[in-house]
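Model, not experiment: these values are computed from the prediction. Chain naming here is simple, since letters A, B, ... match the order of the sequence lines and numbering starts at 1 in each.
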Protein chains: 2
Amino acid sequence: MSHTLESVCRTLHEKEYKVTPQRQVILKAFLDNADRHLSAEELYNLVKEKHPEIGLATVYRTLDLLAELEILQKMNFDDGRSRYEFADKELHHHHHLICVKCGKVTEFEDDLLESLEAQIARKSGFEIMDHQLKFYGYCDKCR
Amino acid sequence: MSHTLESVCRTLHEKEYKVTPQRQVILKAFLDNADRHLSAEELYNLVKEKHPEIGLATVYRTLDLLAELEILQKMNFDDGRSRYEFADKELHHHHHLICVKCGKVTEFEDDLLESLEAQIARKSGFEIMDHQLKFYGYCDKCR
DNA sequence: TTTCATGCAAAGGTTTTGCATACGC
DNA sequence: GCGTATGCAAAACCTTTGCATGAAA
């Protein structure tokens, strides 16, 4: 079950945040490019096409807010800027495959880390809440 | 087999980079704190104590060089700055445990991702060269 | 009407760069 | 002596913030 404009607006409403046109426009642009791991500036550039009045700071603030509400997750793919994706808490974790040649980020939809997590918790005394696994290599097209 | 001042200087020499006093001082400070995942500025502050003449830009340039030579690896622990650790290519990979409360980064010295890597390569067509796995949670002291 | 959100510009923090000087080899 | 490395300061880059204005509820 994925996010929709309506479901996110409902969440904003429940948490007593205002459902402004800017937030809706930004969210819609993000939803329309859900697979692209957009950065703030990329999203700003998309939004600007139809809504040049919206400021970059508003995009940053909206992304911050959605991340705080755990609707989005802030990610780092080592390209010097933060990128975002939907945080589907119910879904299994997925991993990221980062092409070191073209920079494309794709997802791999199996988790398979349970036994490793259990082992680490047992051996290290660390209480694990979350993880993030990135693979670097060459995508189909680049190798 | 880990890195030493001598081995790294030898590599610099072989690759026809100059073995300057600044590079040696910076490298020594890094070696003396090999477990701390120092950032450029932290390293600069250490170095400055005894060598106030060394500039921050030189620290950045030295870290860049050592990363390019694959002596160091640039890491990102989501605290807004790059951190570095030795890249021991021969050694097993290790994973990072990041405490979300105190920020401490510790290492877990088993890899155990071979079968997952094989599976991903098979299913996705991605040629995996490297990976990075971070666990977020609470360390011994913080929970 | 009250409170929160926005837009703009300025400031912040990290990293990079230009350039004259210094120095390893 | 040649060519790279350094130090300094300025610039570049991404992100956050202050503040007056505007709009949601």
Side-chain angles (χ1 to χ4, degrees), chain A residues 5 8-29 37-48 50-69 71-84 103, chain B residues 5 8-29 37-48 50-69 71-84 103:
Chain A
L5 188 52
V8 175
C9 288
R10 200 179 320 125
T11 303
L12 287 176
H13 205 256
E14 283 165 9
K15 302 272 167 86
E16 313 210 351
Y17 291 104
K18 291 177 179 165
V19 179
T20 64
Q22 289 93 333
R23 284 176 176 169
Q24 293 184 66
V25 165
I26 291 166
L27 180 60
K28 181 155 189 331
H37 298 99
L38 291 171
S39 69
E41 186 149 20
E42 288 169 350
L43 184 52
Y44 170 64
N45 287 329
L46 281 176
V47 158
K48 212 171 43 176
K50 291 195 176 176
H51 299 272
E53 74 282 3
I54 293 182
L56 179 57
T58 300
V59 174
Y60 272 102
R61 284 187 279 229
T62 301
L63 289 169
D64 275 0
L65 175 61
L66 295 176
E68 195 154 311
L69 295 175
I71 291 165
L72 297 185
Q73 178 156 18
K74 200 174 190 170
M75 309 255 78
N76 189 304
F77 297 125
D78 309 304
D79 61 349
R81 64 199 62 190
S82 292
R83 298 182 169 277
Y84 295 81
Chain B
L5 188 52
V8 175
C9 289
R10 201 180 318 125
T11 304
L12 287 177
H13 205 256
E14 283 165 7
K15 302 272 166 85
E16 313 210 352
Y17 291 104
K18 293 178 179 165
V19 179
T20 65
Q22 289 91 333
R23 284 175 177 170
Q24 293 183 68
V25 165
I26 291 166
L27 180 59
K28 181 154 188 334
H37 298 99
L38 290 171
S39 69
E41 186 148 23
E42 288 168 350
L43 184 52
Y44 170 64
N45 287 329
L46 281 176
V47 158
K48 213 170 44 175
K50 291 195 176 175
H51 299 272
E53 74 282 3
I54 293 182
L56 178 57
T58 300
V59 175
Y60 272 103
R61 284 188 279 229
T62 301
L63 289 169
D64 275 1
L65 176 61
L66 295 175
E68 194 153 312
L69 294 175
I71 291 165
L72 297 185
Q73 178 156 18
K74 200 175 191 170
M75 309 255 77
N76 189 304
F77 297 125
D78 309 305
D79 62 348
R81 65 196 64 187
S82 292
R83 298 182 168 277
Y84 295 81

List the atom pairs, donor and acceptor, that lie under 3.5 Å between side-chain atoms in residues 8-26 of chain B and the rest of the protein, sequence neighbours left out.
residue: B:Thr11; atom: OG1; partner: B:Ser7; partner atom: O; Å: 3.0
residue: B:Thr20; atom: OG1; partner: B:Arg23; partner atom: N; Å: 3.2
residue: B:Arg23; atom: NH1; partner: B:Lys18; partner atom: O; Å: 2.8

Looking at [X] and [Y], what are the two nearest heavy atoms and their distance?
{"X": "B:Leu63", "Y": "B:Tyr84", "result": "CD1-CE1, 3.6 Å"}
{"X": "B:His37", "Y": "B:Arg83", "result": "O-NH1, 2.8 Å"}
{"X": "A:Ala40", "Y": "A:Leu56", "result": "O-CD1, 4.3 Å"}

- Query: What does B:Glu53 touch in the nucleic acid at a heavy-atom separation under 4.0 angstrom: a base, only the sugar-phosphate, or nothing?
  - Reply: sugar-phosphate
Nearest-angstrom distance from the residue atom [atom1] of [X] to [atom2] of [N]:
{"X": "B:Asp79", "N": "C:dG12", "atom1": "CG", "atom2": "C1'", "answer": "16 Å"}
{"X": "A:Tyr84", "N": "D:dC14", "atom1": "OH", "atom2": "P", "answer": "13 Å"}
{"X": "A:Asn76", "N": "D:dC14", "atom1": "CG", "atom2": "P", "answer": "13 Å"}
{"X": "B:Arg61", "N": "D:dT4", "atom1": "CZ", "atom2": "C1'", "answer": "11 Å"}

- Task: Rounding to 10 degrees, work out the angle separating the end axes of the helix from C:dT1-D:dA25 to C:dC25-D:dG1 (five pairs an end).
- Result: 40°
The side chain of [X] is closest to which nucleotide in this list: [options]?
{"X": "A:Glu41", "options": "C:dG7, D:dT15, D:dC14", "answer": "D:dC14"}
{"X": "B:Tyr17", "options": "C:dT14, D:dA5, C:dG18", "answer": "D:dA5"}
{"X": "A:Lys18", "options": "C:dC19, C:dA5, D:dT15", "answer": "C:dA5"}
{"X": "A:Arg23", "options": "D:dT16, C:dT6, C:dT16", "answer": "C:dT6"}
{"X": "A:His13", "options": "C:dT6, D:dA25, D:dA24", "answer": "D:dA25"}
{"X": "A:Thr58", "options": "C:dC25, C:dT6, D:dT6", "answer": "C:dT6"}
{"X": "B:Gln22", "options": "C:dT6, D:dT6, C:dT16", "answer": "D:dT6"}

- Message: Below the 4.0 Å mark, does D:dT15 have OP1 or OP2 next to a side-chain nitrogen or oxygen of A:Ser82?
- Response: yes
- Task: Give a yes/no answer on whether the side chain of B:Tyr60 brings an N or O atom under 4.0 Å of OP1 or OP2 in C:dT16.
- Result: no
- Message: Please enumerate all residues that pass salt bridge (charged side-chain N to carboxylate O under 4.0 Å, His left out) together with B:Lys28, with sequence neighbours excluded.
- Response: B:Asp32
- Message: On DNA chain C, does the nearest nucleotide to B:Arg83 precede the nearest nucleotide to B:Thr20 from the 5' side, or the other way round? Give the residue.
- Response: B:Arg83
- Spacing of A:Ser39 atom OG and A:Phe77 atom CZ [to the nearest 0.5 Å]: 11.5 Å
